[in-house]
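Take a look at the structure set out below.
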Protein chains: 2
Amino acid sequence: MKPANPHPDVDQLHLTDVMSALSDPLRVGIVRVLADGNEQAWGDLRVPVGKSTLSHHLKVLRAAGLTRTREEGTRCYVRLRTEDFETRFPGLLTSVLQAAHQEDVGAQVTLT
Amino acid sequence: MKPANPHPDVDQLHLTDVMSALSDPLRVGIVRVLADGNEQAWGDLRVPVGKSTLSHHLKVLRAAGLTRTREEGTRCYVRLRTEDFETRFPGLLTSVLQAAHQEDVGAQVTLT
DNA sequence: GCTATTGTTCGATGGTCGACGAACATCAAA
DNA sequence: TTTGATGTTCGTCGACCATCGAACAATAGC
């Protein structure tokens with residue numbers, strides 16, 4: 001239940017991990033949904049996969065340092081690590097989000 | 001021997017393909033070597049893998065639209081599709097290269 | 001024509017990945 | 001306390017990937 005994975009420190013983010021995390025359309029979709037900076041509950045993510053698969057994808061995003069997870073009771077909330085990412089890889093997240101929007105990658109992921 | 005793979009058109013580049021291509025340190029290294037815009041002969045690429053593996057990686061980069069291959073006699077030359085890429089995904093290649101430089105990803109790849 | 005160079009292609013191998021369902025753990029609410 | 005909701009973990013499956021060596025094709029140069 002607890003997101004056992006620790007969040008990697010800012011200076012421990014690896015580019016190839018980020019690229020690998022963003023090579024899946026579903027994960028790009030999750031990032032896009034979080035792009036406005038707001039925190040979202042996992043249950044509010046509309047995703048066409050089972051919950052174990054969603055858990056897996058969120059773990060990948062967390063391990064890559066793209067997102068931060070907070071738990072409150074039995075629910076988990078996730079948000080983008082926008083500032084940390086801008087510090088480590090300036091401009092990267094912005095251009096990725098712009099490209100994803102342009103191509104409409106990950107449109108399968110929506111909010112409730 | 002001919003790079004049978006066609007080069008994808010500018011409007012057919014997919015973000016996830018690019019991300020997938022750049023999730024391998026060796027391929028990032030190749031891109032970094034080409035970052036100055038100069039064309040390079042394949043044989044001048046110093047890469048710690050066999051020829052068939054290098055051929056495979058260059059095929060992946062070509063299929064993702066990151067590079068363009070030209071053949072001249074028995075030799076092949078490769079260069080970055082910088083302008084095409086800037087047209088399709090503005091700022092993406094720049095920030096990726098900056099991030100790769102900052103982390104020194106793909107330092108295993110050099111020139112003769 | 002023969003040979004060396006260069007790059008492609010073809011298995012084979014071992015590793016990773018995305019997806020699923022089932023079982024488990026934790027907490028809230030009835 | 002019992003029930004329901006929420007995530008995690010595990011085992012499994014099929015697909016893909018990086019790597020290698022060997023065999024093949026095409027061209028340059030002798």
Side-chain angles (χ1 to χ4, degrees), chain A residues 1-7 14 16-31 39-64 66-79 105-106 108-109 111-112, chain B residues 1-7 14 16-31 39-64 66-79 105-106 108-109 111-112:
Chain A
M1 40 81 179
K2 194 163 295 196
N5 264 22
H7 299 86
H14 298 304
T16 50
D17 291 342
V18 175
M19 292 298 164
S20 184
L22 294 177
S23 64
D24 186 288
L26 198 140
R27 287 194 289 261
V28 174
I30 295 177
V31 170
E39 190 178 60
Q40 298 293 343
W42 296 35
D44 291 341
L45 298 176
R46 276 289 180 274
V47 169
V49 292
K51 52 180 180 177
S52 59
T53 304
L54 175 61
S55 182
H56 160 69
H57 284 304
L58 288 168
K59 184 157 97 175
V60 172
L61 288 174
R62 203 186 320 136
L66 277 159
T67 59
R68 191 177 294 277
T69 289
R70 178 179 66 91
E71 39 166 338
E72 185 175 318
T74 64
R75 290 183 188 169
C76 287
Y77 298 86
V78 61
R79 67 177 189 272
V105 182
Q108 3 161 3
V109 181
L111 286 179
T112 301
Chain B
M1 40 70 101
K2 196 162 293 198
N5 265 21
H7 299 86
H14 297 303
T16 50
D17 291 342
V18 175
M19 293 298 167
S20 184
L22 294 176
S23 63
D24 187 289
L26 199 139
R27 288 194 289 258
V28 173
I30 296 177
V31 170
E39 191 178 59
Q40 298 294 342
W42 297 33
D44 290 342
L45 297 176
R46 276 287 179 278
V47 169
V49 292
K51 305 185 178 197
S52 56
T53 304
L54 175 60
S55 183
H56 161 68
H57 283 305
L58 288 168
K59 185 158 94 174
V60 172
L61 287 174
R62 202 185 322 134
L66 277 159
T67 60
R68 190 177 295 276
T69 290
R70 178 178 66 92
E71 39 164 338
E72 185 175 320
T74 64
R75 290 181 188 170
C76 287
Y77 298 86
V78 62
R79 69 176 189 274
V105 182
Q108 4 161 2
V109 182
L111 286 178
T112 301

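Naming: A, B, ... by sequence-line order, numbering from 1 per chain.
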query = Looking at residues at least two apart in the chain, or sitting in another chain, which of them share a side-chain hydrogen bond (donor to acceptor under 3.5 Å, both in side chains) with A:H56?
reply = none
note = To the nearest angstrom, the CG-P distance between A:L54 and D:dT9 comes to 14 Å
ask   = Does B:H57 put a side-chain nitrogen or oxygen below 4.0 Å from OP1 or OP2 of D:dT19?
value = yes
Protein-nucleotides 21-23 of chain D N/O pairs under 3.5 Å:
unit_1, atom_1, unit_2, atom_2, d
D:dG21, O6, B:S52, OG, 3.1

5' precedence on DNA chain C between A:V49 and B:A41 (nearest-nucleotide basis) = B:A41
task = Could you state the atom-to-atom distance from CG of A:D17 to P of C:dT16 in whole Å?
result = 13 Å
key: Phosphate contact (C:dT8 OP1 or OP2) by B:R62 side-chain N/O below 4.0 Å   = yes
key: Per A:K59 side chain, nearest of listed nucleotides C:dG7, D:dT9, C:dG18   = D:dT9
query = Is A:R27 near enough to C:dG18 that one of its side-chain N or O atoms lies under 4.0 angstrom from OP1 or OP2?
reply = yes
query = D:dT27, D:dT19, C:dA19: which one has an atom nearest the side-chain heavy atoms of B:T74?
reply = D:dT27
task = Nearest whole angstrom, please: distance from the P of D:dA26 to the CD of B:E72.
result = 19 Å
task = Kindly write out the residues that satisfy side-chain contact (heavy atoms from CB on, under 4.5 Å) with A:A63, not counting sequence neighbours, or none if the list is empty.
result = A:N5
request  = Taking the side chain as every heavy atom from C-beta outward, state whether A:V31 and A:L61 have any atom pair closer than 4.5 Å.
outcome  = yes
Distance-only check: which donor-acceptor pairs under 3.5 Å involve side-chain atoms of residues 22-29 of chain B, not counting sequence neighbours?
unit_1, atom_1, unit_2, atom_2, d
B:S23, OG, B:S20, O, 2.6
B:D24, OD1, B:L26, N, 2.8
B:D24, OD1, B:R27, N, 3.4
B:R27, NE, B:A21, O, 2.6
B:R27, NH1, B:H57, ND1, 3.0
B:R27, NH2, B:S20, O, 3.4

message = I need the CZ-C1' distance between B:R75 and D:dA25, as an integer number of Å.
response = 18 Å
task = Give a yes/no on whether any side-chain N or O of A:S55 is located under 4.0 angstrom from OP1 or OP2 of D:dG7.
result = no
ask   = What is the distance from CG of B:L45 to P of C:dG7, rounded to the nearest Å?
value = 9 Å
key: Residue list, salt bridge (Lys or Arg N to Asp or Glu O under 4.0 Å) with A:R79, at least two apart or on another chain   = A:E39
key: Spacing between A:L61 atom CG and D:dT8 atom P, to the nearest angstrom   = 12 Å
task = Step by step, work out the side chain to side chain contact (heavy atoms under 4.5 Å, CB included) result for A:I30 and A:L54.
result = CA-CA 10 Å; A:I30 295 177; A:L54 175 61; 4.0 Å; yes
request  = Rounded to the nearest angstrom, tell me the gap between atom NZ in B:K51 and atom P in C:dA4.
outcome  = 13 Å
request  = Would you mind reading off the distance between B:H56 atom NE2 and D:dA18 atom C1', rounded to a whole angstrom?
outcome  = 6 Å
request  = Answer whether the closest heavy-atom distance between the side chains of B:H14 and A:V105 falls below 4.5 Å.
outcome  = no
